[in-house]
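Provided herewith is a single structure, encoded as structure tokens, for subsequent inquiry.
The structure displayed is predicted, hence computed values, not measured ones. Just so we're on the same page: letters track the sequence lines, and every chain starts at 1.
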Amino acid sequence: MGSHHFIFDKKKCVGCEACVLACVNENGYQSPSQWRNISSSNELKHPELPLFYFSMACNHCADAPCMKHCPALAFKRSDETGAVLHIENNCIGCKYCTWQCPYDAPKFNPVKGIIEKCTFCELRLADGQKPACAFLCPTGALDFSADSFNKESIVPDLDVPKYPRPSIVIKELELNSGPKIDKRLFDAEEFEPIMLPKASKINARKEWPLVIFTLIISGMIGLVVSDQALIANEYGEIAFLGMGLIGAALSTLHLGRKLRVWRSLLNIKNSWLSREILFFGLFMGAAITHFYFYSLSVLIFAGIGLALTLSIDMLYQPAHWKWKLKIHSAQITIMSLTLMFLLMNWETLFTFILGIRLLLFVYRKMDKKQFNLQEVKDVIRIVSAFMAAIVIHFDYPLWIVIAIFTVGEILDRIDYYNELSVPDSWSLINQI
Amino acid sequence: MQIFNTVCPRNCYSTCSFKVKVDTGKLITIEPQPKNINTTGGPCIKGLSYIERNYAPERILFPLQRQNGNFKQISWEQALDTISRKLHQLKNKFGPHSVLYYASSGMSGLLNGVSTNFWKMYGGATTVYGNLCWPAGLEATRLTLGENKHNVPTDIENAKLILLWGKNPAESNIHQMVPIEKAQRNGAKLVVIDPRRTPSSERADMLIQPKSGTDGLLALTVAKLIIEKEQHDKEFIAKHVKGFDEFKASLANISIEKTSQECGVPLTFIKELAEMIGTIKPMTFVPGYGMQRYSNGGQTTRCLVALSVITGNIGKKGACWHYANLQSYVFDTVKEPDNYYPTEADNPFRRSIPTAIIGESMLGTKNPELKMAWVERGNPVTQNPDSNKVLKAFRKLDFIVVVEQFMTDTALEADIILPAKTMFEQSDIVGSYWNQYVQLRQKVVDPPGEVKPETEIYFLLAKKMGFSDEEISKNFPEPDDTSIERWLQSYVDQFDNLSIEKLKEEPVIAPGLEVIAFEDMKFKTPSGKIELYSDLARSRWGINELPVYVPIEKSSTEFPLYLMSPNTKNRIHSQFGNCATIKALDPHPVASVSPKDAKSRGIRHGDRIRVFNQQGELFTTAKLDYSMRPGNVVIFNGYWNQEGGSPNLLTKGRETDIGHGTAFHDTRVEIERVVK
């Protein structure tokens, strides 16, 4: 592996964005987001906070999470330069790498339906030249070294959310305070917001196929493991398999390159996304076998179902990085268990788990200072869980309990997606 | 693949040298030219967008004529024929002064002089005098030091104290940040004085944020404190300065407490600044070009330069008044600011109207009234003050010709648009007002479409007009490249160490360069000394002989906010904002507002707001800036009216106290939230 790396001097960068243009000139027009970006540490120029800039593209990490977790094996390491390169023809456009990368390096190109990213300017390196961005930095803030360097010198500050050993050395500011200013000019009470809200790259609206897909899975597992009577007839079987088909179609729908969906199975070894697809396939296979060939034990479904839900929950883990509490009330494994208890009429367990989840929900809202009873959807979610947990102890028809319960479950899952957050350059700089 | 050395001809301090790679007649890449020691890192974001800009799909490549409200492509033959007929007609009927010839700072080069030759041949024209930028500061410097020159840019590395007063080089002169950073590494202190907190001020030890227009008072107060503490350079003053005693006496009435109030700067900050300037040497004083754009701009600049003078920070290593360095303008017979003034010598060739008040003056001009305008290298509709009036004046004309690369707001007013060359499509010689080089902007590709350089346009138009061949060959180079080079050669030949061949290779140090300006302690003032007391100030401009503080108009309750329109890194005036890549980074016009002013008006970050005063209004988006001095609103210079509005919709046509500059910054506005 090569030992090439960027060198970035915070003292010298004034945020001029020449590096961004240099990259565009070298690698072609990049839309909607450039491969290299400048972020400001203090966009609103809060007088109490320092103001510096950060130029960031791909850091070609030694433990590149994009490469490790890509389900379609669309990344490779260049033997000559150590660069992490993206292979256009292998990409399925699932955007999973954009969740994994702590530096916001892979960029989704919606026109091509695939990821694109910094290549270290491979061709220039082969020519013995620095990458265009480092070559064209007017102040010398961004530089590039091809010398061998000690991995220890990498600044662990960049450890967000984990430490993938990036090929960049950061020269820190000696003074982190900015100039002496007359603070009496400003009234701290007026500094609201402290930081600008940034639209998260993931939310329920954008990822609605995945919201439905995961809800379907949770429902299918609950059904097949607990109350097979519901589906143990011709129509039930067809409806069950139909749900699976819809789920599969929806999860394909969110891919940039739908015809390459088969490639999502290529990285079982490392990628939770590949594993999710594998276990989903096994689950469907087991159901077909069970319905039309020979009966399988419920334990087989429980086993595959557990593997599937755990895969899904693991899959989303990189987008949990901002959460204080790493467990969420709407993780699929927990949701599936709750439904299972409901359908099996294990009243006490059901009430218990739903109660715990309700506490998790309220704690989360309070912690984010978002607990606000004017939010109708939150109230509905709470009431629904509360009622379901109680109503199950009375003699109401099951479908009423299921209906009340499901409303809350859908809201909780939507909330889950809205709370996912993927690191971007801006969140990174504020973490440092 | 060929590599050419060239230079950026924009109206910018840096005047970067760079290399451009060309393959089969197409621009490929732009690379740094380390031979220019001031811009070794390569050009800024604008320079790097040149290739995209050259081949932008919106570029105007053919002559266009307005027909029924739309622009239609016409042939050069038709265009020149129409223009020629119109020019003859107007000359016969109203005289040549019915035509306004307007050129501005869009592209620098010696060949721009050819345009004037045409209008002389035509029998004259109405032109503008003054300048939109810096004559107040230039004249103030000239009154004081006799000349506008400063040490070479890298000399800042030798300074122990650097004063960035109203300058934000991180955006307007990014290459200056390199020697500043080196000086700081060697222990220099950096002080920034600016109502805004900028990327440049972030490096500073101290940021002082005075009220707009009060800089002169702040400087005089600092001078008073220095003199009281006997920290002034008595020996230097005795030898080289005229009028120190009068200056000292004039400070008697200044009270630091009152200054603190008037400028809105704490006492301790004023004292600390005075202590630094009084004790740390050498000091490089780097004023920006903003303070001079107030109605008191000339006097403010004189107050500021006085600090360099009384501390002896002139003509030494690491010590200079780093304002404008015209040392590379070796070919100019009349240097700035003299060439901005209306002179009797030019009569009857030109009748002049002030560029600062162009709208009103165009409308008011009689005998003859203006009937036609020819605009090149400029965009007066958005860049001159009082856009609404400029627009009105242009719309009153019968006929407008605009030579342009893009559909600017001025081009939209044209009857005929002639496609303009870019910097890569004709060779020319370019000086810098910051660095020490004479440079050649090389022709590296042929103009696309039917684009013709101005020299060729005038050459063909002169023929069409029926001027004699003899006269034409005297006044214009033939259009071919060899003739252009020969034309430039005639300038270069005046100097032994200059040649076109050498200039093609690299930037060449200006003949007669003083690395340390004024090291010989010779000052081209009437007294031969540095003049704090200037009789010329009184006789030429009617202002006080001494640098004094003249308050600008107070803000009214109706329009309480100061509007600043500084430059951003993303544009040079109205150029570059239309490039796709730059637009991606800076998509919408915004107005920066302090949270205090926003809150009291119910404005939040991202709200649509209306900015207005007695001149006009514009609609834009509010951007909160927590560190800007409350009472200010910032709208960057150079936005097009097409994209939301140039700040000049709000400025008033008004000259500065001296030099015929433009008092853009003497503007007050009010803002309000737009209710959707």
Side-chain angles (χ1 to χ4, degrees), chain A residues 9 11-26 29-34 37-38 40-53 129 132 135-141 173-175 178-194 196-197, chain B residues 14 16 29-32 39-49 51-52 169-171 174-175 177-178 181 184 190-192 197 199-209 264-266 269 272 569-570 580-582 584-585 594-596 598-599 605-606 623-630:
Chain A
D9 191 338
K11 270 198 312 295
K12 291 184 181 171
C13 179
V14 293
C16 79
E17 293 179 309
C19 50
V20 179
L21 263 277
C23 178
V24 171
N25 283 351
E26 180 70 25
Y29 189 61
Q30 299 152 3
S31 177
S33 24
Q34 288 78 22
N37 290 100
I38 294 276
S40 155
S41 69
N42 184 2
E43 274 186 309
L44 290 165
K45 299 191 187 168
H46 196 295
E48 310 277 345
L49 298 172
L51 173 75
F52 57 88
Y53 298 89
Q129 289 187 293
F135 181 57
L136 283 160
C137 173
T139 63
L173 298 172
E174 280 139 27
L175 284 171
K180 176 177 169 183
I181 60 172
D182 174 17
K183 289 188 179 143
R184 294 177 318 177
L185 281 176
F186 313 106
D187 182 355
E189 278 178 23
E190 278 149 4
F191 301 144
E192 198 58 55
I194 300 291
L196 288 179
Chain B
S14 292
C16 297
T29 58
I30 283 169
E31 295 195 347
T39 63
T40 49
C44 68
I45 178 172
K46 303 174 283 289
L48 291 173
S49 75
I51 295 176
E52 177 205 327
E171 293 205 61
I174 186 169
H175 306 90
M177 296 307 281
V178 177
E181 200 264 340
Q184 285 186 287
L190 173 67
V191 177
V192 175
R197 179 179 175 191
S200 311
S201 71
E202 227 34 48
R203 309 300 176 74
D205 298 280
M206 180 158 72
L207 167 64
I208 299 179
Q209 300 179 276
V265 175
F269 278 50
E272 199 174 325
K569 68 182 177 64
N570 295 328
T581 41
I582 290 185
L585 302 171
S594 87
K596 192 178 230 150
K599 207 172 182 185
H605 185 88
K623 179 180 185 223
L624 292 186
D625 182 339
Y626 289 178
S627 293
M628 185 170 66
R629 186 183 178 92

With a 4.5 Å cut-off on side-chain heavy atoms, are B/Val191 and A/Lys180 touching? no
Could you check whether any side-chain heavy atom of B/Met628 comes within less than 4.5 Å of a side-chain heavy atom of A/Lys45, counting everything from C-beta outward? no
For A/Cys19, is it the side chain, the backbone, both or neither that has a heavy atom under 4.5 Å from a heavy atom of chain B? neither
Any side-chain heavy-atom pair from B/Asn570 and A/Glu17 closer than 4.5 angstrom? yes
Can you tell me how far SG of A/Cys13 sits from CD of B/Glu202, rounded to the nearest 0.5 angstrom? 12.0 Å
Highest number of heavy-atom pairs under 4.5 Å with chain B among A/Leu44, A/Asp182, A/Ile181 belongs to A/Leu44
Can you tell which part of B/Met206 gets under 4.5 Å to a heavy atom of chain A, answering side chain, backbone, both or neither? both
Check side-chain hydrogen bond (donor to acceptor under 3.5 Å, both in side chains) between B/Lys46 and all other residues, then give those that pass, not counting sequence neighbours. none
Between B/Gln209 and A/Leu185, is any pair of side-chain heavy atoms under 4.5 Å apart? yes
Would you say B/Lys596's side chain and A/Phe186's backbone share a donor-acceptor pair under 3.5 angstrom? no
Between B/Leu624 and chain A, with a heavy-atom cut-off of 4.5 Å, which part of the residue counts as in contact: side chain, backbone, both or neither? both
Check whether any side-chain heavy atom of A/Leu21 sits under 4.5 Å from a side-chain heavy atom of B/Leu585, and report yes or no. yes
Please flag which part of A/Asn25 lies under 4.5 Å from any non-hydrogen atom of chain B: side chain, backbone, both or neither. side chain
In terms of heavy-atom contacts, A/Pro138 and B/Gly42 come closest through CB-O, 3.7 Å
Chain A contact via B/Ala580 - which portion, at a heavy-atom distance below 4.5 Å: both
Yes or no on side-chain contact (heavy atoms from CB on, under 4.5 Å) for B/Ile45 and A/Val20, after CA distance, side-chain angles and deciding distance? CA-CA 8 Å; B/Ile45 178 172; A/Val20 179; over 6 Å; no
Would you name the heavy atoms of A/Pro179 and B/Ser201 that are closest together and state the gap between them? CG-O, 3.2 Å
Per-residue contact mode, B/Ile208 against chain A (heavy atom under 4.5 angstrom): neither
Stepwise side-chain contact (heavy atoms from CB on, under 4.5 Å) test for A/Gln34 and B/Thr581: CA-CA 9 Å; A/Gln34 288 78 22; B/Thr581 41; 5.9 Å; no
Tell me every residue that passes ring pair (Phe, Tyr, Trp, His ring centres under 6.0 Å) with A/Phe191, counting only those two or more places apart in sequence or in another chain. A/His46, B/Tyr626
B/Arg197 and A/Asn42: which non-hydrogen atoms are nearest, and at how many Å? NH1-ND2, 4.0 Å
Proximity breakdown for B/Glu31 and chain A, heavy-atom pairs closer than 4.5 Å: both
Given a strict heavy-atom distance threshold of 4.5 Å, which part of A/Lys12 is in contact with chain B: side chain, backbone, both, or neither? both
For A/Ala18 and B/Pro43, the nearest pair of non-hydrogen atoms, with its separation, is CB-O, 4.3 Å
Decide yes or no for B/Ser627 and A/Pro47: does some side-chain heavy atom of the first lie under 4.5 Å from some side-chain heavy atom of the second? yes
In terms of heavy-atom pairs under 4.5 Å with chain A, the winner among B/Glu52, B/Gln184, B/Lys623, B/Glu181 is B/Glu181
Most contacts with chain A, counted as non-hydrogen pairs under 4.5 angstrom, among B/Arg203, B/Glu171, B/His605, B/His175: B/Arg203
Go through B/Ile51, B/Ile582, B/Asp625 and name the one with the most non-hydrogen pairs under 4.5 angstrom from chain A. B/Asp625
Applying a strict 4.5 Å limit to non-hydrogen atoms, the region of A/Cys137 in contact with chain B is backbone
